[in-house]
4 protein chains.
Amino acid sequence: MKPVRLGMVGGGSGAFIGAVHRIAARMDGRYELVAGALSSNPERAAESAAELGIRSYADFNEMAVAEAARDDGIEAVSIVTPNNMHAGPAIAFLNAGIHVICDKPLAATPEQAAAMREAVKNNKARFFLTHNYSAMPMVRVARAMVADGAIGDVRLVQAEYLQGWLADDTSNKQADWRTDPKQAGAGAIGDIGTHAWQLAEFVTGQTPESLSADLSSMVPGRPVDDDARIALRYASGAKGGIWASQVAVGQENGLSLRLFGTKGALEWHLRHPEELIYTPKDDAPRILTRAQDRSQSSRTPPGHPEGYLEGFANLYSDVAAVIRGDETVATRIPDIQSGLSGMAFIAACLASSKQDGAWVKVQT
Amino acid sequence: MKPVRLGMVGGGSGAFIGAVHRIAARMDGRYELVAGALSSNPERAAESAAELGIRSYADFNEMAVAEAARDDGIEAVSIVTPNNMHAGPAIAFLNAGIHVICDKPLAATPEQAAAMREAVKNNKARFFLTHNYSAMPMVRVARAMVADGAIGDVRLVQAEYLQGWLADDTSNKQADWRTDPKQAGAGAIGDIGTHAWQLAEFVTGQTPESLSADLSSMVPGRPVDDDARIALRYASGAKGGIWASQVAVGQENGLSLRLFGTKGALEWHLRHPEELIYTPKDDAPRILTRAQDRSQSSRTPPGHPEGYLEGFANLYSDVAAVIRGDETVATRIPDIQSGLSGMAFIAACLASSKQDGAWVKVQT
Amino acid sequence: MKPVRLGMVGGGSGAFIGAVHRIAARMDGRYELVAGALSSNPERAAESAAELGIRSYADFNEMAVAEAARDDGIEAVSIVTPNNMHAGPAIAFLNAGIHVICDKPLAATPEQAAAMREAVKNNKARFFLTHNYSAMPMVRVARAMVADGAIGDVRLVQAEYLQGWLADDTSNKQADWRTDPKQAGAGAIGDIGTHAWQLAEFVTGQTPESLSADLSSMVPGRPVDDDARIALRYASGAKGGIWASQVAVGQENGLSLRLFGTKGALEWHLRHPEELIYTPKDDAPRILTRAQDRSQSSRTPPGHPEGYLEGFANLYSDVAAVIRGDETVATRIPDIQSGLSGMAFIAACLASSKQDGAWVKVQT
Amino acid sequence: MKPVRLGMVGGGSGAFIGAVHRIAARMDGRYELVAGALSSNPERAAESAAELGIRSYADFNEMAVAEAARDDGIEAVSIVTPNNMHAGPAIAFLNAGIHVICDKPLAATPEQAAAMREAVKNNKARFFLTHNYSAMPMVRVARAMVADGAIGDVRLVQAEYLQGWLADDTSNKQADWRTDPKQAGAGAIGDIGTHAWQLAEFVTGQTPESLSADLSSMVPGRPVDDDARIALRYASGAKGGIWASQVAVGQENGLSLRLFGTKGALEWHLRHPEELIYTPKDDAPRILTRAQDRSQSSRTPPGHPEGYLEGFANLYSDVAAVIRGDETVATRIPDIQSGLSGMAFIAACLASSKQDGAWVKVQT
């Protein structure tokens with residue numbers, strides 16, 4: 001299958017989520033990044049594009065028009081800007097007939113969201129939102145199990161997303177736009193609460209009918225919420241809760257989902273993402289792994305955690321660095337000596353075993 | 001930095017580890033796969049190369065000569081064949097001046113290993129062995145901590161690699177060559193024992209001086225070991241053990257390392273690879289995460305498990321499939337409706353909060 | 001110190017919590033159970049007392065008067081009846097000058113509670129409430145740490161008590177009175193919610209100022225709440241939540257407490273009661289154990305879980321059964337053969353070690 | 001059932017294990033401690049007996065004779081002395097017709113063990129060894145499951161008992177006799193290795209046929225082993241290992257057992273003693289709890305950890321202290337105020353719920 005020609009808006013050097021999207025696009029070899037309007041700062045945009053070896057635009061409108069006009073123009077664009085900068089580019093590219101892959105939450109204001117909805121309705125180009133957690137293997141397993149009735153009717157839903165990194169009045173690139181009402185629209189509820197909301201919605205297949213929220217700004221002077229405790233009611237009679245916090249000291253990305261139904265329960269924690277705890281009613285809990293995944297969402301067999309690939313990638317990138325002349329990482333790459341050591345281990349094992357476990361020297 | 005031109009030997013369609021190496025090479029965008037001798041079966045080699053859009057060779061010797069002669073020939077080659085097929089290509093490419101990235105264990109026989117050692121000695125081209133686990137972030141942290149004296153002098157070392165997939169007399173592509181003495185050289189000790197051995201060696205910086213091994217073939221008729229219990233003695237006076245098994249029913253990839261020193265202890269399990277348990281003497285255990293990693297081995301902040309990237313990649317690949325006309329996965333991709341639901345959630349939270357937590361409808 | 005002469009109201013044969021109180025009273029040898037009004041059914045009261053070898057009363061009022069008049073009368077009484085039967089005996093014994101140890105919650109109605117408060121005020125006899133969880137070692141450690149400022153100012157409090165045993169319309173002795181509004185006063189909030197409430201209050205030292213509750217009866221027709229989701233506000237500005245449920249399928253006694261402050265966090269789960277997770281701000285989580293307990297709340301060294309004592313007690317009780325003629329449990333008690341096997345193990349270890357690890361027969 | 005009249009040898013004030021045995025004997029009310037030779041130091045023996053209110057003897061021989069002669073003499077005796085002091089009293093009491101409950105390991109020397117075996121053979125009085133771990137509920141469940149074929153034929157056995165408290169050349173009452181070859185007979189293998197050995201034997205029902213041991217004294221100058229790594233071979237063809245260490249820094253009482261059979265696996269850790277991980281072949285692991293216990297080894301329902309009783313006992317003992325005039329612990333005992341707070345919680349929940357979750361004051 002031919003790779004999809006991809007563009008990017010936002011994601012210039014120093015941006016976190018732009019780099020994540022690029023890795024994701026590269027991983028399966030199904031995309032080719034060819035163009036970008038990588039920063040609202042024209043110089044940084046150009047520099048970042050040069051680093052990536054792609055066409056650079058200073059402006060997303062210009063980019064949408066120009067790319068749509070090229071035979072080899074982009075087929076899809078990733079929008080990885082702050083929340084209030086989603087609507088503009090999304091609409092521009094949709095109108096230009098280019099598919100949009102947009103970071104979440106959708107927008108900073110209801111007005112922006114409504115305009116985006118219209119643009120999706122009025123165009124053939126597709127719109128995708130990167131609620132990445134719902135694409136993790138065990139989350140997909142959970143969703144399939146709920147749909148198959150494994151826990152019966154859902155009665156109780158609890159989703160949490162707890163972080164601690166905004167426990168103080170910290171200032172940095174990541175923190176600043178997230179706590180600026182103009183750029184972010186909302187605080188914890190937008191940045192991470194929407195992840196918990198979408199996770200619960202994705203797995204249960206139900207959207208709450210009403211909610212009661214207690215939003216707080218625990219850090220004095222913070223203009224947006226940094227802690228949110230939300231009660232949920234579903235049309236089905238189910239009840240639920242979302243707890244999103246960015247002042248939960250010590251929590252890195254404490255996303256979790258717990259579901260209790262009439263016939264069983266499911267529990268998932270991002271901290272151990274490859275385990276899904278399933279408890280059938282009146283029976284012992286089971287620890288499900290990707291061995292139970294039928295969604296073809298995995299690149300490795302169960303038990304090889306997904307970080308397995310990153311471990312390999314770390315080696316490959318270190319090797320590339322050495323090949324390009326950087327010896328500083330060479331000492332941590334296993335080499336011929338490491339291989340010979342392994343061979344000596346095998347030989348010693350075989351020799352000792354033949355002598356009924358006698359101690360033998362390892363001949364490295 | 002210009003990507004490294006990469007070739008591959010082995011890894012044709014259906015091979016597990018070849019696909020893993022390709023993902024790893026793609027992840028950071030530092031390689032371009034351009035040529036391969038992907039199978040000893042010429043037809044499958046050609047088909048697999050066509051799928052990947054790379055130059056195909058029927059024979060690795062031919063490939064080494066031809067690529068070395070091209071201006072745009074490969075700079076490095078990945079060797080992802082069974083153990084007994086490492087030495088031949090490794091020596092050929094090293095002699096041709098092409099860097100080698102070789103899967104572990106080094107070889108199937110001591111003679112092959114010796115020949116490889118000579119080839120490395122006699123050539124400028126570099127040799128790297130993909131002991132991938134030692135490139136995982138928390139393993140690198142552990143190594144640095146031991147080197148820094150965090151646990152004092154190492155006294156006790158316990159490394160385990162437990163799998164259960166060969167508990168029966170199973171026959172399949174993966175199982176067959178691993179249990180064939182000619183192709184594999186040894187059983188569990190070669191396939192996974194060497195991983196445990198290298199992990200212990202990498203983290204402690206010490207190679208055992210002697211060992212005592214009890215190798216077993218628990219499955220009747222199996223010609224190689226499927227369970228190995230090995231005692232280790234170090235020159236320093238430290239003692240250790242390796243337990244490698246492929247008949248440990250229920251274990252997927254139970255790799256772990258436990259170290260006890262005069263001043264502290266370290267414990268790591270592949271099952272939860274982003275946690276390193278560090279216990280200073282006379283103090284409480286700490287759960288270290290990538291927040292403690294200074295080795296630049298991570299692509300995401302701590303708390304985003306490494307599977308985070310795979311989740312994103314799953315979304316991107318599903319989107320590519322939709323763009324190329326496959327609608328079957330479309331229902332599991334968050335779209336505009338998902339975005340509007342998140343916006344309705346935010347709006348309802350803000351409205352409820354303004355009314356001191358009154359229940360408000362979610363306007364999806 | 002002379003044991004305290006103890007009486008009991010409620011706790012006849014078949015009662016769960018009465019037996020628990022008697023074990024607790026026996027464990028440290030500081031009580032002697034001498035009298036009881038063990039059931040509202042006079043026959044069962046008499047039979048139960050005979051089994052225990054104590055003075056029996058048909059009526060708690062009679063018991064209070066009679067015991068107060070005796071030189072060797074009870075000094076304290078345990079009240080282990082359903083919630084609506086706490087006030088009567090508590091007041092009677094307090095008025096008789098006898099200390100009261102009362103099961104929780106205090107009472108079934110506010111009127112009963114007020115009367116009890118008056119009785120405590122007007123008498124010298126003391127009143128104690130058995131919120132047992134707050135006497136567990138790591139809970140006491142948590143309380144001391146909060147008081148010492150280990151987590152700074154408390155900002156977020158989350159207490160949960162999740163059970164699944166009332167997920168259906170089950171009928172049995174334990175379930176029936178708990179779901180009867182007259183006997184219990186309330187459902188999950190009274191039976192287990194008060195435990196979560198008291199746990200949070202005990203550890204933080206703060207009582208919430210106001211709350212917002214969403215109570216549900218998930219099982220159709222149930223006259224009391226079986227699920228409660230409660231938001232809390234503290235005078236200090238802290239926020240909190242309590243989730244109590246008896247329809248959380250698969251949960252046995254899922255009591256937990258999580259606290260986040262300005263300087264750190266604490267997390268405790270009844271499931272692993274001897275671990276307290278303490279995360280100082282900007283540092284790694286620590287797993288505290290009873291090694292950190294300075295409250296003298298333990299009978300065994302850290303690492304011997306508290307079930308250690310029950311294991312010993314199981315052996316002792318099996319031995320008593322054998323001594324009294326019941327041989328059915330004899331096979332599971334380690335005996336001389338078990339001891340000789342251990343001695344053979346030691347001897348074989350020493351012999352093998354002397355021969356540098358040679359295999360030696362175990363001489364059992 | 002009438003309580004068994006019990007005596008004790010050893011266990012004077014300051015002794016750890018004697019106190020544990022007394023608690024165990026008290027817990028179910030099936031014993032009455034009436035006599036003791038509590039110390040080899042006659043003064044301490046007398047003082048300790050006075051504290052406990054029991055008959056005191058300076059010498060166990062005298063005690064055996066005297067008690068056997070009394071109509072109300074002891075029926076059983078607990079021997080809780082160092083290893084080399086087990087044989088003498090055990091034989092004396094057995095010969096006197098008094099049942100013996102003896103601490104493990106059986107003895108300090110093979111000669112002592114043989115003499116004990118003869119005494120058991122030649123007398124009607126019974127002999128019991130307190131391998132307490134094998135009486136814990138989930139260990140009994142594991143044993144029953146193995147016997148029932150839940151994991152098929154056992155292939156692999158791994159038992160570990162890791163402690164760190166002897167990592168240094170510490171000197172104290174507990175450490176001194178355990179590292180004295182005369183009193184203890186052996187080091188880690190006797191003190192804790194025998195526990196691991198017995199645990200494996202109890203659960204599998206098999207005793208190894210031969211073993212290979214590597215014993216170490218990691219602390220310079222220590223006259224007994226403090227680390228032992230032992231390989232096991234069973235007549236059935238199964239293989240196994242025991243690792244016992246007292247220099248495993250940071251480990252409190254790291255006792256564990258892992259079994260792999262042809263049809264499944266079992267894993268148990270003393271750290272979380274109420275969980276037994278059972279993995280049927282080709283299926284997901286299950287976390288079994290006391291809900292699966294059919295051995296009547298529990299005093300509380302599943303989910304109430306066994307420390308539940310100790311929590312209650314802590315409260316009861318604090319109450320006894322207050323009743324006897326010690327007010328220092330009074331502040332940590334829940335009292336009427338705590339009860340009223342719980343009632344206010346219930347009332348506020350009901351009020352808020354009636355007003356659809358409106359915030360209501362808590363009326364404490």
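Quick note: numbers below take in every heavy atom, side chains included, and nothing from hydrogens, waters or symmetry partners.
Looking at B:Leu162, the atoms closer than 4.5 Å to chain D (heavy atoms on both sides) all sit in the side chain, from C-beta outward. Heavy-atom distances place both the backbone and the side chain of B:Ala248 under 4.5 Å from chain D. When heavy atoms are compared at a cutoff of 4.5 Å, B:Trp165 does not approach chain D at all.
Between D:Lys281 and B:Ala167, the shortest heavy-atom contact is CE-CB, 4.2 Å. The two residues B:Leu215 and D:Lys239 make their nearest non-hydrogen contact at O-NZ, 3.9 Å.
Chain D forms more heavy-atom pairs under 4.5 Å with one residue of B:Leu156, B:Asp168, B:Val219 than with any other, namely B:Leu156. With respect to chain B, the highest number of heavy-atom pairs below 4.5 Å among D:Gly264, D:Ala238, D:Pro285, D:Ala265 belongs to D:Gly264. Contact count against chain D (heavy-atom pairs under 4.5 Å) is highest for B:Arg233 among B:Arg233, B:Glu267, B:Gln355. The most heavy-atom pairs under 4.5 Å with chain D, out of B:Asp214, B:Thr279, B:Leu259, come from B:Asp214. For the options D:Ala231, D:Ser216, D:Gly357, heavy-atom pairs under 4.5 Å to chain B are most numerous at D:Ser216.
Heavy-atom neighbours of B:Asp153 CG from other residues, nucleotides or ligands within 6.0 Å: at or below the threshold of 12.
No salt bridge links B:Arg155 with D:Asp227; every basic N to acidic carboxylate O contact stays at or beyond 4.0 Å.
From B:Arg258, atom CZ reaches atom CD of D:Glu160 across 4.0 Å, with rounding to the nearest 0.5 Å.
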